[in-house]
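Right, one structure below, let's go through it.
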Amino acid sequence: MHKAEFQASWKSPSNIAFVKYWGKKTEQIPCNPSISMTLDKCCTTTKLVAYPCDSQNILYSFKLEGKSKPEFSLRIEKFLLRLSEDYPALKNYCYEIESSNSFPHSSGIASSASAFSALSLCIVDFLKHLNLLRGEFFEIASYYSRIGSGSASRSVFGSYALWGESMNMGSHEVAIPLEVADFWKELRDTIILVDEGEKSVSSSAGHALMQNHPLASARFEQAKSNTEKLIKLLQSKDITNNKVYEFGSLIEEEAMSLHAMMMTSSPSYILFKAKTIEVIDRLKEWRKEEKLAVFFTLDAGPNIHLIYFSKDKSKVDEFLSSLDLKTIDDKCGHGPERL
Ligand code: DP6
């Protein structure tokens with residue numbers, strides 16, 4: 001093998017959607033806009049090494065936590081092939097890709113957002129090295145992150161991101177950073193691990209089931225309207241208690257709608273566990289007693305994301321210790337970092 005020509009490492013975070021992307025058209029174009037908060041600690045670090053080679057095929061090796069992962073190969077290969085259609089020069093190299101996650105692999109945390117954004121950032125960095133970049137670095141990274149995994153498009157920006165069009169902003173091809181009042185950057189996300197097993201239905205299969213879903217158009221309209229409402233709430237300078245509760249009920253409605261789509265698709269499926277419902281019920285009772293603005297959202301899985309402000313952390317820790325479940329403590333973060 002030739003000497004390595006290029007090497008880059010990027011650490012990229014996961015994100016939690018407050019308005020959910022659920023349902024897509026070809027080329028990873030979403031059926032509705034979505035908004036997420038970028039996390040801080042739940043990250044993937046990826047190192048890309050490129051060696052000149054003239055196979056005219058995409059040759060690569062991939063390791064996660066030092067181990068080969070054939071189960072991810074097909075998706076990575078598809079991704080690299082798609083990139084090489086736009087940049088044929090990528091075929092003149094072979095690649096060594098090594099990734100590691102800051103969160104446990106079996107934690108049930110969706111890692112495709114951090115994984116594909118970290119990999120895209122490395123490759124876009126390589127395109128820059130090859131002098132092939134025409135456009136803004138992070139915009140192109142968001143574009144290719146989207147091709148890898150829709151939600152990854154939002155992870156290349158810190159704080160909050162919008163993917164899709166809303167209020168004369170955004171695009172369905174790339175995410176954009178969403179300006180929000182500083183107050184909302186104080187939000188934390190503690191993930192309660194109700195179940196650490198593999199999901200029974202992947203997100204990709206779930207998106208596909210939206211194609212002939214009888215409730216699809218109502219869901220896409222709801223998400224569009226929630227995106228507008230959320231942008232207004234996050235950008236308003238005048239933050240009242242009422243607005244905080246409006247935010248809370250919006251994100252909870254989004255989480256429940258997402259799971260309602262799964263439960264009413266054909267075939268239907270349930271990613272909730274009994275414990276998911278138990279924890280949500282306990283949270284609702286507890287926050288009423290304590291009069292605290294602590295809300296929940298869910299990904300496409302059974303684990304609960306508790307969303308609350310930093311000032312309430314010690315109270316939330318008391319609640320969490322009463323549950324006796326594993327947790328991952330995270331918060332609003334600053335976005336990817338080149339190492
Ligand atoms: C429920 O981005 O994982 O987390 O584009 O097929 O990779 P693919 O799907 P993915 O879907 C994420 C769905 C979600 C909501 C969201 O993050 O917006």
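Ligands are counted one by one from 1 in listed order, and the atoms in each one are counted from 1 as well.
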Checklist entry - NZ of Lys243: more than 12 outside heavy atoms within 6.0 angstrom? => result yes
Checklist entry - Would you say Lys315 has more than 12 foreign heavy atoms packed within less than 6.0 Å of its NZ? => result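 Open: at most 12 neighbouring heavy atoms sit under 6.0 Å from NZ of Lys315.
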Taking the ring centre of each residue, are [X] and [Y] less than 6.0 Å apart?
X      : Y      : result
Tyr245 : Phe295 : yes
Phe296 : Trp286 : no
Trp22  : His207 : yes
Tyr95  : Phe62  : no

Sub-4.0 Å atoms of ligand 1 with respect to non-hydrogen atoms of [X]:
X      : answer
Gln28  : 5 (O)
Lys24  : 5 (O), 6 (O), 8 (P)
Arg154 : 16 (C), 17 (O), 18 (O)
Ser151 : 2 (O), 3 (O), 10 (P), 17 (O)
Ala300 : 1 (C)
Asp299 : 4 (O)
Ala17  : 16 (C), 17 (O), 18 (O)

Checklist entry - Is any side-chain N of the basic residue among Glu96 and Lys47 closer than 4.0 Å to the acidic one's carboxylate O? => result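 Not counted as a salt bridge, because no side-chain N and carboxylate O are separated by less than 4.0 Å.
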Checklist entry - With a cut-off of under 6.0 Å to the ring centre and 45° to the axis, is Arg82 in cation-pi contact with Phe79? => result no
Check [X] against ligand 1 and report side chain, backbone, both or neither, counting heavy atoms closer than 4.0 Å.
X      : answer
Arg75  : side chain
Ser112 : side chain
Ser149 : both
Leu258 : side chain
Glu254 : neither

Checklist entry - Side-chain donor-acceptor pair under 3.5 Å between Tyr144 and Ser153, yes or no? => result no
Next on the checklist: Heavy-atom contact check, 4.0 Å cutoff: does Arg146 meet ligand 1?
Outcome noted: no
Checklist entry - Does the N or O separation between Gly150 and ligand 1 drop below 3.5 Å for any pair? => result yes
